[in-house]
Amino acid sequence: MGYAYDDQNIFAKILRGEIPNKTVLETEHTLAFADIQPQAPVHVLVIPKGPYASLDHFTQEASDAEILDFNRTIGKVCEMTKVETKDGGMGFRAITNAGVHGHQEVPHLHVHILGGRQLGRMLPRD
Ligand code: 5GP
């Protein structure tokens with residue numbers, strides 16, 4: 001069966017320019033833009049331009065160039081939004097939700113970069 005990709009998802013529409021976005025950084029293979037419902041002072045979504053549904057899809061099937069570009073873009077976004085840990089900076093959280101158990105809402109890989117406030121524990125304890 002393999003990985004499925006629905007090209008009608010909202011981020012595919014953003015990539016085709018059918019829906020506007022607040023771009024933070026665009027590279028050859030990657031787009032970073034502001035989340036429409038920010039959950040922290042910094043809330044940026046980093047997505048590959050290619051049709052990958054989730055992190056496992058991307059890391060198994062994307063090209064080396066796409067994977068390199070995606071990871072470098074995450075680093076640049078951290079620098080640009082001033083959440084990096086360099087020089088004693090306050091840091092951030094990177095989250096990617098995948099599939100049903102991950103509670104993924106938009107089926108195009110996105111890494112959330114969240115920062116600008118204390119984010120607490122990773123997951124609430126049951
Ligand atoms: P998920 O639950 O799939 O990890 O997160 C989806 C994220 O996409 C949510 O944080 C939501 O606010 C964001 N989002 C949904 N629709 C749009 C949109 O049209 N534009 C932007 N910029 N973000 C969106």
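Read the numbers this way: they start at 1 and go in the same order the structure lists the ligands and their atoms. Quick caveat, the model's predicted, so the values are computed rather than measured.
The environment of Asp64 atom CG is sparse: at most 12 non-hydrogen atoms of other residues, nucleotides or ligands sit within 6.0 angstrom.
Within 4.0 Å of ligand 1, counting heavy atoms only, the contacting residues are Ile10, Phe11, Ile14, Phe33, Ala34, Asp35, Ile36, Gln37, Leu45, Asn97, His103, Gln104, Glu105, Val106, His110, His112.
Among pairs with a residue in residues 75-102, none fulfils salt bridge (charged side-chain N to carboxylate O under 4.0 Å, His left out), at least two apart in sequence or across chains. Under the salt bridge (charged side-chain N to carboxylate O under 4.0 Å, His left out) criterion, the residue pairs touching residues 21-49 are Glu26-Lys49, with sequence neighbours excluded.
When every heavy atom of Ile113 is checked against every heavy atom of Ala94, the shortest pair comes out as CD1-CB, 4.1 Å. Scanning both residues, Glu105 and Pro107, for their nearest heavy atoms gives O-CD, 3.7 Å.
For Arg16, the salt bridge (Lys or Arg N to Asp or Glu O under 4.0 Å) criterion is met by Glu18, not counting sequence neighbours.
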